[in-house]
Amino acid sequence: MRPILTAAAMRAVERRVIDAGTPSLELMERAGASAAVAAWRFGLPREVNILCGTGNNGGDGYVVARHLAERGHDVRVIAAAPLRSADARAMSARWAGPVLAYGEAKPAAGFIDALFGIGLDRPLEVGDVAELQRLGANARTRIAIDLPSGVGSDDGALFGVPFVFDLTVTFGANKPAHIIEPARSCCGRVVVADIGLGAIDSKTRCNAPPRLRAAVADVHKYERGSVIVIAGPAGAGGAARLAARAALRAGAGLATLACQPLALPENAARLDAVMLRVTPDVAALARVLTDRRIGAVVIGPGLGQDAAAKAKLAAVLASEVATVCDADAFTLCAGEPEALRNAAVLTPHEGEFVRMFGNLPGSRIDRALAAAARAGTVVVLKGPDTVIAAPDGRAVVNTHASPALATAGSGDVLAGIIAGLLAQGMAPFDAACAGVWIHGDAGLRGGTGLIAEDLPELLPAVLQGLA
Ligand SMILES: NC(=O)C1=CN([C@@H]2O[C@H](COP(=O)(O)OP(=O)(O)OC[C@H]3O[C@@H](n4cnc5c(N)ncnc54)[C@H](O)[C@@H]3O)[C@@H](O)[C@H]2O)[C@@H](O)CC1
Ligand SMILES: [K+]
């Protein structure tokens, strides 16, 4: 999985490489040269304006200018002044082409933004926004060096970005702003250029296609894992049924819906491969959960929010079985996430997350990590940029997904997929990362018009694509 680095972590990597003998000017040269190649490959128009800031991002811009001019582009630098970085001053001295002040350059078809990178720590000033707007708003191709000026590198917040870029060329590793919203949507295509920083370690990474265990020829259904989904009252079983079907499709050998007697007719009429188990009371449910062949439980989808639901949740959490909590489980434990400490994975969306953990500070990554540490369990903060966080400080961000997944029941399917993987023996963090990727891939395959019922049916193609 590709690393994601905060600005501080990026500076630490850079410092290590410089201390090991590579001059910072050489790193800037490599950064600018690789950005120029990426821009050229992208089909940058011949006439280009490059807006250069006063720090090292601006320094990169002067290198880009020189390399593009060598490739035959007609380049003008528009310079913020005075240059505050020694490396940027050195690179500006090597640029022999035109340098204009704000307001002097005519807009051109190509625009490169080298105003601010990871150093931006406050909103853009009015004059900077105006010049970005004047030169970039109507350019045909807009390219950002490292980051679009005006995005917060660590939290993906917007500090006045005036438009969306076509391409962002970054160095060594992605920054959170390339991955998390709303900044991600301003970056356009993101290219990570290798500037010789060596292997980069990070506890925060981008999600990747999971490696699943190959099927064994003589496996028994129980060895493929058994999942129980706890259903709610009669008339509200759809969410639990979706989760159970998804668990089966994700490879569990068995999936069973545990329901009250009154909900039996409804569920029996709608289920075939998924089995039904009537649990008249909490004691009966607790007995079912002592079956050692059960590998995972899903509780929350369509569970309800009454005393009976609360008692079921307590019984599940008191059992030894790996549990995925979703939906109503969070309402039942609003403000007290410690109550879910025995769960394996929590899958809240933004609203449920806030109900559970309150308004935590920082980026989505920071918030998911703080929540995982507090709850002592894996937290999946769902969204277009789902964050999977573990109590030990690991975080994975998934962008392999489709807006089509924002549909009723989609989260129930995700909970079922993760339970299906847990039941097959995956560790909670791995099952959550894999489940989110698989769910995202199904969403991409389904596309426009997708409804939650389609998702389990798309899983065979997703899983076969991973084999
Ligand atoms: N870290 C690395 O490994 C490398 C970094 N390089 C470049 O260096 C950049 C970082 O350079 P800097 O640290 O000089 O930072 P920037 O060039 O991003 O910003 C310059 C300075 O502007 C000031 N500033 C912040 N927000 C402002 C605002 N809204 N209005 C006015 N001034 C503001 C800050 O003092 C900041 O340090 C990276 O984004 C990248 O482009 C590359 O040259 C090569 C390698
Ligand atoms: K920039």
Side-chain angles (χ1 to χ4, degrees), residues 23-120 127-128 130-150 162-163 165-172 187-191 193-196:
S24 58
L25 205 60
E26 169 62 21
L27 288 181
M28 188 175 276
E29 179 66 27
R30 291 180 197 167
S34 57
V37 170
W40 179 78
R41 285 204 183 121
F42 194 74
L44 185 73
R46 207 180 73 78
E47 232 187 286
V48 190
N49 284 324
I50 305 185
L51 183 55
C52 290
T54 59
N56 288 330
N57 195 251
D60 293 349
Y62 284 97
V63 182
V64 175
R66 175 160 37 86
H67 284 269
L68 285 177
E70 282 166 11
R71 284 174 180 265
H73 285 273
D74 180 1
V75 183
R76 284 177 301 238
V77 165
I78 295 87
L83 285 175
R84 280 176 291 176
S85 142
D87 285 350
R89 278 197 295 275
M91 290 309 188
S92 79
R94 293 185 195 175
W95 165 244
V99 178
L100 305 175
Y102 277 20
E104 287 180 0
K106 277 204 312 274
F111 175 66
I112 294 183
D113 159 28
L115 193 54
F116 296 108
I118 59 174
L120 187 90
D128 289 332
E131 192 64 356
L132 275 165
Q133 183 82 35
R134 198 177 70 77
L135 297 175
N138 296 315
R140 197 164 77 230
T141 305
R142 300 185 282 228
I143 298 177
I145 303 302
D146 205 8
L147 291 160
S149 293
F163 44 74
F165 284 79
D166 301 297
L167 173 73
T168 295
V169 187
T170 188
F171 311 114
C187 294
R189 189 195 299 176
V190 178
V191 169
D194 180 0
I195 57 166

Q.
Run the side-chain contact (heavy atoms from CB on, under 4.5 Å) test on Asp146 and Phe116 for me, step by step, so that the C-alpha distance in whole Å, both residues' side-chain angles and the decisive distance to 0.1 Å come before the verdict.
A. CA-CA 8 Å; Asp146 205 8; Phe116 296 108; over 6 Å; no
Q: Find the distance between CZ (Arg140) and CZ (Phe111) and round it off to the nearest 0.5 Å.
A: 15.5 Å
Q | Residue pair Ala39 / Ile112: nearest heavy atoms and the distance that separates them | A | CB-CD1, 4.5 Å
Q) Closest heavy-atom contact between Val63 and Met28? A) CG2-O, 4.0 Å
Q) Within the distance-only criterion (no hydrogens, no angle test), does the side chain of Glu131 pair as donor or acceptor with the backbone N or O of Asp128 below 3.5 angstrom? A) no
Q. From Phe165 CZ over to Asp113 CG, what is the distance, rounded to the nearest 0.5 angstrom?
A. 4.0 Å
**Q.** Within 6.0 angstrom of Arg189 CZ, more than 12 heavy atoms from elsewhere
**A.** no
Q) Are the side chains of Val169 and Phe42 in touch, meaning some heavy atoms are under 4.5 Å apart? A) no
**Q.** Within-4.5 Å side-chain heavy-atom neighbours: Phe171 and Asp194
**A.** no
Q. Do the side chains of Met91 and Arg66 get nearer than 4.5 Å, heavy atoms only?
A. yes
Q) To the nearest 0.5 Å, what is the distance between CD1 (Ile143) and SG (Cys187)? A) 13.0 Å
Q: Hey, could you give me the CG/OG1 distance between Leu115 and Thr54, rounded to the nearest 0.5 Å?
A: 8.0 Å
Q) Do Ser149 and Leu132 pass the side-chain contact (heavy atoms from CB on, under 4.5 Å) test, and can you show the C-alpha distance, the side-chain angles, and the key distance before you say yes or no? A) CA-CA 9 Å; Ser149 293; Leu132 275 165; 4.2 Å; yes
Q.
Nearest 0.5 angstrom please: Leu100 CG to Ile50 CD1, how far?
A. 12.0 Å
**Q.** Exam field: side chain Asn57 to backbone Gly119, donor-acceptor pair closer than 3.5 Å
**A.** no
Q: State plainly whether the residues Arg76 and Glu47 are in salt-bridge range, i.e. N to O under 4.0 Å.
A: yes
Q: Grab the two heavy atoms, one from Ser92 and one from Leu83, that are nearest each other, plus how far apart they are.
A: OG-CD1, 3.4 Å
Q. Side-chain contact, heavy-atom cut-off 4.5 Å: Leu44 with His73?
A. yes
Q. Closest approach of Ala69 and Trp95, non-hydrogen atoms and distance?
A. CB-CZ3, 3.9 Å
Q. Taking the six-membered ring of Trp40, is NZ or CZ of Arg71 closer than 6.0 Å to its centre and within 45° of its axis?
A. yes
**Q.** Straight-line distance of Lys106 NZ to Leu135 CG, nearest 0.5 Å
**A.** 12.0 Å
Q. What are the two closest heavy atoms between Ala105 and Asn49, and how far apart are they?
A. CB-OD1, 4.1 Å
Q | Within 45° cone of Phe163 ring axis and under 6.0 Å: Arg142 NZ or CZ | A | yes
Q.
For Val99 versus Ala79, what's the shortest heavy-atom pair and its separation?
A. CG1-CB, 3.6 Å
Q. Between Leu120 and Leu147, is any pair of side-chain heavy atoms under 4.5 Å apart?
A. no
Q: Using a 4.5 Å cut-off on heavy atoms from C-beta on, say whether the side chain of Pro98 contacts that of Val77.
A: no
Q. Quick one: do the Ser85 and Asn56 side chains pair a donor with an acceptor below 3.5 Å?
A. yes
